[in-house]
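First comes the structure, then the notes that go with it.
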Amino acid sequence: MVWLGLGGLAVSAFTSATILPGNSELALSAFLYKWPEWLWPALLVATVANTAGSITSLWLGRLAPRKALPPRLAGWFQRFGPAVLVLSWLPVIGDAIPLAAGWLRLPWWSSILWLTLGKAARYLALAWGVLLLSS
């Protein structure tokens, strides 16, 4: 049964990082409430799947024809570079950040690194909160 839970978590985490609906925070919280001893595998699955969803958006952004971004947004990306992708976990704007980064052709590997760091930090903080509240 735990494997089905991890599979559901992976699907939810992947779709949550794309324009498809998903709620990986709820899925991870429910999983850890049921199986707290599976903390590290759950964090790994959620982080990898959510990062993969954002990489998909990054790739799709690279396929889009280039157009000028609004000056404020373009300046933000130019100032912070791929490090801005650490914020891709944010609600509402988070799904658009990888798309914009791909569209701007930010460096591929450093973009993936920053995406992964942001996703891992979010899930680690969430898991810590869930386990703290449930004990």
Checklist entry - If two hydrophobic side chains count as joined below 4.5 Å and joins carry through other members, does W109 share a cluster with I97? => result yes
Checklist outcome for this item: Here the side chain to side chain donor-acceptor pair (under 3.5 Å) pairs for residues 89-106, sequence neighbours left out, are none
Item to check | Hydrophobic cluster identity match, L124 and L85, side-chain contacts under 4.5 Å | outcome: no
Checklist entry - Which pair of heavy atoms, one from S111 and one from L58, lies closest together, and at what distance? => result CB-CD2, 3.9 Å
Item to check | Distance in Å, L131 CG paired with E37 CD, rounded so as to fall on 0.5 Å steps | outcome: 10.5 Å
Next on the checklist: Within the structure provided, determine whether L28 and V130 are in side-chain contact (heavy-atom separation under 4.5 Å).
Outcome noted: no
Checklist entry - According to the ring-ring contact (aromatic ring centres under 6.0 Å, His included) rule, which pairs have a member within residues 111-135, sequence neighbours left out? => result none
Checklist outcome for this item: Here the pair of heavy atoms bringing A13 nearest to A46 is CB-O, 3.6 Å
Checklist entry - Please, which pairs that meet salt bridge (Lys or Arg N to Asp or Glu O under 4.0 Å) have at least one residue in residues 21-36, sequence neighbours excluded? => result E25-R122
Item to check | Heavy-atom donor-acceptor pair, S16 side chain to N23 backbone, under 3.5 Å | outcome: yes
Item to check | Residues which pass side-chain contact (heavy atoms from CB on, under 4.5 Å) with Y33, listed by chain and number, not counting sequence neighbours | outcome: S134
Checklist entry - Around atom CZ of R66, are there more than 12 heavy atoms of other residues, nucleotides or ligands at under 6.0 Å? => result yes
Item to check | L113-L43 co-clustered via ILVMFWY side chain contacts under 4.5 Å | outcome: no
Next on the checklist: Tell me the closest heavy-atom pair linking L32 and L39, and the distance in Å.
Outcome noted: CD2-CA, 3.7 Å
Item to check | Spacing of CD1 belonging to I112 relative to CD1 belonging to I55, to within rounding of 0.5 Å | outcome: 4.0 Å
Checklist entry - Any link between L26 and W35 through a network of hydrophobic side chains (Ile, Leu, Val, Met, Phe, Trp, Tyr) touching at under 4.5 Å? => result no
Next on the checklist: Could you work out, with side-chain contact (heavy atoms from CB on, under 4.5 Å) as the rule, every residue matching L44, not counting sequence neighbours?
Outcome noted: V48
Next on the checklist: How close do L9 and S24 get, counting heavy atoms only, and between which atoms?
Outcome noted: CD1-O, 4.2 Å
Item to check | same_hphob_cluster(L63, L99) at 4.5 Å side-chain heavy-atom cutoff | outcome: yes
Next on the checklist: Between W3 and W38, is the ring-ring contact (aromatic ring centres under 6.0 Å, His included) condition met? List the steps.
Outcome noted: CA-CA 11 Å; W3 297 107; W38 284 76; 5.3 Å; yes
Checklist entry - Of all residues at least two apart in sequence or in a different chain, which pass the side-chain contact (heavy atoms from CB on, under 4.5 Å) check with A17? => result N50, S54, K119
